[in-house]
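Written below as structure tokens is the structure these notes are about.
One-based numbering, in listed order, for ligands and for the atoms of each. Below, each value reflects all heavy atoms present in this structure, side chains not excepted, and no hydrogens, waters or symmetry copies.
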Amino acid sequence: MSAAMPKPDRRDPVDEARRILAANDRGGYTVPTDRLYPFQWNWDSAFVAMGFATYDSDRALRELERLAEGQWDDGMIPHIVFHAPSDTYFPGPEVWRTHHRIPTSGITQPPVFGMALAFIEARAGGKYRDRVAALYAAAMKNMRWWRSARDPEGTGLVATLHNWETGRDNSVEWDAPFARVPETTTTVLRRRDTGHIDASMRPTDADYRRYIHLVDSYADVGWKPAQMWRVAPFKVADIGANAILAASAGELAKLASRFGDADDEALLASMARPPFVWSEALGVFLSQDLIAGAPIAVATSAGFLPMLTDAPTPQQVDRLAAHVEALVAQGLLPVPSTLPGQPGFEPKRYWRGPVWVVVNWMIARGFARHGRSALADAIDTLTRNVIDEEGFAEYFDPCTREGLGGGVFSWTAAVRLLLAR
Ligand code: 2M8
């Protein structure tokens, strides 16, 4: 554990998790962690909302409502909502140059929103009908946006146009697609993250120049979806975002008969089972580089997430299970963001190797859905234990289990609440 990482409260991790969410609450929305991420992030908040739903449905709905305040008229839900100013994060609103009522970024993130809404509704015992209805409408508008803005050619898979949209910022998968993104920017880089976290664990400066090159390019076309699609030098069908989108479609379908109509039901049915790409050689599902027109042959933790849907065959689930069993047999914490042995695996550098407990939680739900409850329980137990032993870290080294990155992290606290016995 790094020196700055607070030790967990061993007396009651559930109480401690609730305290963290309370401490990171900025008024109905929760920052991922103080200073490093001082605004509302999209998929972080969806996990946080599920954590709140274990003890406070009203607060859980509020989290999604505050996120929906950032939803654009075209249906896009931004990856960051800048509710209040802060100078501890780069890039801030002045770099994004968007035009929403509340300042927001111009890109999105994996749509856990629909999964979270169904999760909260199932625990709210029929209460808050009007609020759920409004959030369901926001979720459906967002599903339609993904379809039209990010799959204009109707392939069944949506594209992410910025690595930050995948949530797995510097995954080894994006190395080749990024090689064609220029490092030139019209924005001066003023990184704040490396002032909070050791630079050896964060994306490099060259990475950041490319990230900001993309922001500049899309800001220059006014964040209009059709023009972004045309100018995008980075266009990938991220397996994580596609699996989560399909899972949200499946979860929203459970609400559609009460809150929606036949059109919604038809749309959700068509989105719930996309044509995921499977690698027989690697035994995982893959992202695709849509500019190269080829799958990206890197095995990542996101390659397990199609198990959140009915798409995988029993044989595919067996192959995915074998990876987890092998990791455990080697004494490694499952499931590293890049599987060890893959080129580019780095156990401490952001999304190139560390374990993220939100991904673990989804993978375990996937195994449970496909009848592998013992394996799901094993992942849950290992996840719970690493949090209890190492603290509410942003992520964990799969080799040493050390908690790394930001401390007192909201989505880690949320997962601990979801895993409370
Ligand atoms: C990380 O991403 C942000 C950009 O969105 C960053 O590094 O500045 C990722 O881990 C992302 O998945 C997460 O949502 C965000 C806040 O926790 O941090």
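Aromatic ring pairs are classed by plane angle as parallel below 30°, tilted from 30° to 60° and perpendicular above 60°; the pair His100 and Trp72 is parallel. Aromatic ring orientation, Trp96 versus Trp164: tilted (interplanar angle from 30° to 60°). Using a 30° and 60° split on the angle between ring planes, Tyr395 and Tyr350 fall in the perpendicular class, above 60°. Using the six-membered ring where Trp is involved, Tyr208 and Phe90 have ring planes that are tilted, between 30° and 60° apart.
In summary, Asp207 and Arg202 do not engage in a salt bridge, as defined by a charged side-chain N under 4.0 Å from a carboxylate O.
Sorted by chain and number, the heavy-atom contacts of ligand 1 below 4.0 Å come from Pro32, Tyr37, Trp41, Trp43, Asp44, His79, Tyr89, Gln109, Trp164, Gly167, Asp169, Arg202, Tyr208, Tyr350, Trp351, Trp356, Phe409, Trp411.
Aromatic ring centres of Tyr211 and Phe178 lie closer together than 6.0 Å.
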